[in-house]
Protein chains: 2
Amino acid sequence: MKSRKPDFIILQSPGIGAGYQAVKEALSRRRNLIIIGNCSVEYQGRARSLLEPGERIVLVKSDGAMLVHRPTGSEPVNWQPSGCIFKSTLLPEAFVLRSVRKNPDESLAVFFTEIQLVIAAKLVDVGDFNLHVSEKELQKVIFAQPSLLLSDLKPITYEKKIEPGFVDIYGLDSAGRLVVAELKRVRAGKAAVLQLAKYVEYLKGTTPLRVRGVLVAPQIAKGVQTMVLALGLEFIQIDLKRFAESVAGKKDRKMGEFLV
Amino acid sequence: MKSRKPDFIILQSPGIGAGYQAVKEALSRRRNLIIIGNCSVEYQGRARSLLEPGERIVLVKSDGAMLVHRPTGSEPVNWQPSGCIFKSTLLPEAFVLRSVRKNPDESLAVFFTEIQLVIAAKLVDVGDFNLHVSEKELQKVIFAQPSLLLSDLKPITYEKKIEPGFVDIYGLDSAGRLVVAELKRVRAGKAAVLQLAKYVEYLKGTTPLRVRGVLVAPQIAKGVQTMVLALGLEFIQIDLKRFAESVAGKKDRKMGEFLV
DNA sequence: TGCTAAATCTCGAAC
DNA sequence: GTTCGAGGTTTAGCA
């Protein structure tokens, strides 16, 4: 196991002057920065916000992204995306870290009156990230193996653009009907049914074929099943785990091809 | 200026054994935790993901929220919301931090093979957070001062539930017409117009009154103006800054009432 | 650049 | 607990 010499700067309770210097230095070196301290925060841009003083964790990433985290909650209370420009200022009683971007015009300012900790670190991270079984992957799997959905489905295309939106799966069944499938990775609700109905209605006006609207999801919200029937649509329940296995199988095959 | 004695534990390159001990201790004490180290990450739940090894910043908050941040990007690569249950395990070559929750059934596991830094901190943060000029605030301001929108508007209610959705503002004008206003804080697009049209069509079927559909936004997407006219609707441009001032005014008044 | 739809969306409120 | 809609949504994929 190879170990890397840590490239860290750690300052404990440096005071706002030394903290300011360390942050400025870290920003110019494009280090990852963690600042813990008492601060208030102002945001101005698409909206405005004001956060009264308190102890927070401020993350500044090497690409310029900035996050202000309170001690609880999974979401940052304030943030700025990557690609922003920083301005740090030392005032008599506070160190101000300001991040600005254009389009949209937004600015985030953190006023530190007390700094408990500054960490500047150079992190190396080139690991691959893979997320499986997105809706798009579902589309591809069903397109490649339509029998997983309907035994007699001959898919024509997926992600087909029609006037009201994008149809997930578009094909023909053995009875010559046009099949329009709306896929949901999560429980299908009213909105999904209405979307499908919209597609079906539109297509009825553009083709002489009979149109078959199929809602595909692992689950359907209660009460929505009756709506499906009332609108002359179908609901097909799928098992995401089975599809995940199909995705894995496809990936393995692809990897095998790559290795040949 | 009052200063608080920092309640910190800082461990630099503790090794996975000592790191494991420190993390376990910090979790049991409900501290905020920052772990920097080389790790791989597995997520399983609504989807699945696998993140290959690399150096990351892992945040664990006192309410059980957990975030895995790569050195770039404003969003965490993996996360788990607050209220999760942690299980930490020490393996021969890795320290595993696992967060589990039910409903939905999800688990996130971080495998540290190297720990560069562990910080456990007790943070105090009770500062108020105020976000101004949200869509809801717009509604309230217009409801309180309808003349900002239309000189002759008598609002009846806002956030009115009708069959196709929620009408932002609902009122009468001096000509006795039912006014339905759809508010957008950002540039209004096709979707906003269609939503408004849907509301107007629905209401025409439920009232003998004439119905006046008003789209309210700081800007309108190009080409959408013609659609507004074609559908017999109106577009009213507003200045968000003016409304922000009204919001501020309202807040001041409220604060004044509070102080009396 | 702009638009559309998805997201492990998250968050809150109403029912 | 479920559902529904908003969000400084963000993000990714195309036209």
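What's counted below: heavy atoms across the whole structure, side chains too, no hydrogens, waters or symmetry copies. In the text below, chain A, chain B and the rest are named by the order of the sequence lines, each starting its count at 1.
Under the ring-ring contact (aromatic ring centres under 6.0 Å, His included) criterion, B:Phe95 pairs with B:Tyr20, B:Phe112, not counting sequence neighbours. Remark: A:Gln237 pairs with A:Phe235 by the side-chain contact (heavy atoms from CB on, under 4.5 Å) rule, at least two apart or across chains.
When the nearest nucleotides of DNA chain D are assigned to B:Glu75 and A:Asn78 by heavy-atom distance, the more 5′-ward of the two goes with A:Asn78. Toward the 5' end of DNA chain D, the nearer of the two residues A:Ala221 and A:Arg46, judged by each one's closest nucleotide, is A:Ala221.
A donor-acceptor pair is defined here as one N or O able to donate and one able to accept, closer than 3.5 Å; no such pair exists between the side chain of B:Glu182 and the backbone of B:Leu215. Checked by atom type and distance alone, the side chain of B:Arg56 pairs as donor or acceptor with a backbone atom of B:Cys39 at under 3.5 Å.
The separation between B:Phe129 atom CZ and D:dG7 atom C1' is 12 Å, rounded to whole Å. Spacing between atom CG of A:Leu67 and atom P of D:dG8 amounts to 15 Å, rounded to whole angstrom units. As a whole-Å value, the separation of A:Gln219 CD from D:dG1 C1' is 13 Å. One can place CD of A:Gln80 at 13 Å from P of D:dG8, the figure rounded to the nearest angstrom. Between A:Lys222 atom NZ and D:dG1 atom P there is a gap of 12 Å when expressed in whole angstrom units.
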* Mind running salt bridge (charged side-chain N to carboxylate O under 4.0 Å, His left out) on A:Arg185 and A:Glu135 for me, showing each step along the way? => CA-CA 6 Å; A:Arg185 245 183 0 79; A:Glu135 191 164 308; 5.6 Å; no
* To do: List the steps and the verdict of side-chain hydrogen bond (donor to acceptor under 3.5 Å, both in side chains) for A:Asp168 and A:Gln139.
  => CA-CA 7 Å; A:Asp168 286 332; A:Gln139 281 179 22; 3.1 Å; yes
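Proximity note for A:Lys136 (side chain, C-beta onward) versus D:dG8, D:dG13, D:dT3: the nearest is D:dG13.
Nucleic acid contact class of A:Ser74 (heavy atoms, under 4.0 Å, all strands): sugar-phosphate only. Across all strands, A:Gln44 comes closer than 4.0 Å to no nucleic acid atom at all (heavy-atom distances). If you check every strand for non-hydrogen atoms under 4.0 Å, A:Asp105 touches nothing. Within 4.0 Å of A:Glu106, counting heavy atoms only, lies at least one base atom of the nucleic acid. Across all strands shown, B:Arg48 has no heavy atoms under 4.0 Å from either base or sugar-phosphate atoms.
Taking 4.0 Å as the cutoff to heavy atoms of chain A, we find the contact window on DNA chain C bounded by C:dT1 to C:dC11.
Using modelled atom types, one finds a donor on one side chain and an acceptor on the other under 3.5 Å when comparing A:Tyr43 with A:Glu106.
Contact check, A:Arg187 against D:dC4: no side-chain N or O comes under 4.0 Å of OP1 or OP2.
Donor-acceptor pairing under 3.5 Å, judged by distance alone, is absent between the side chain of B:Gln195 and the base of D:dG5.
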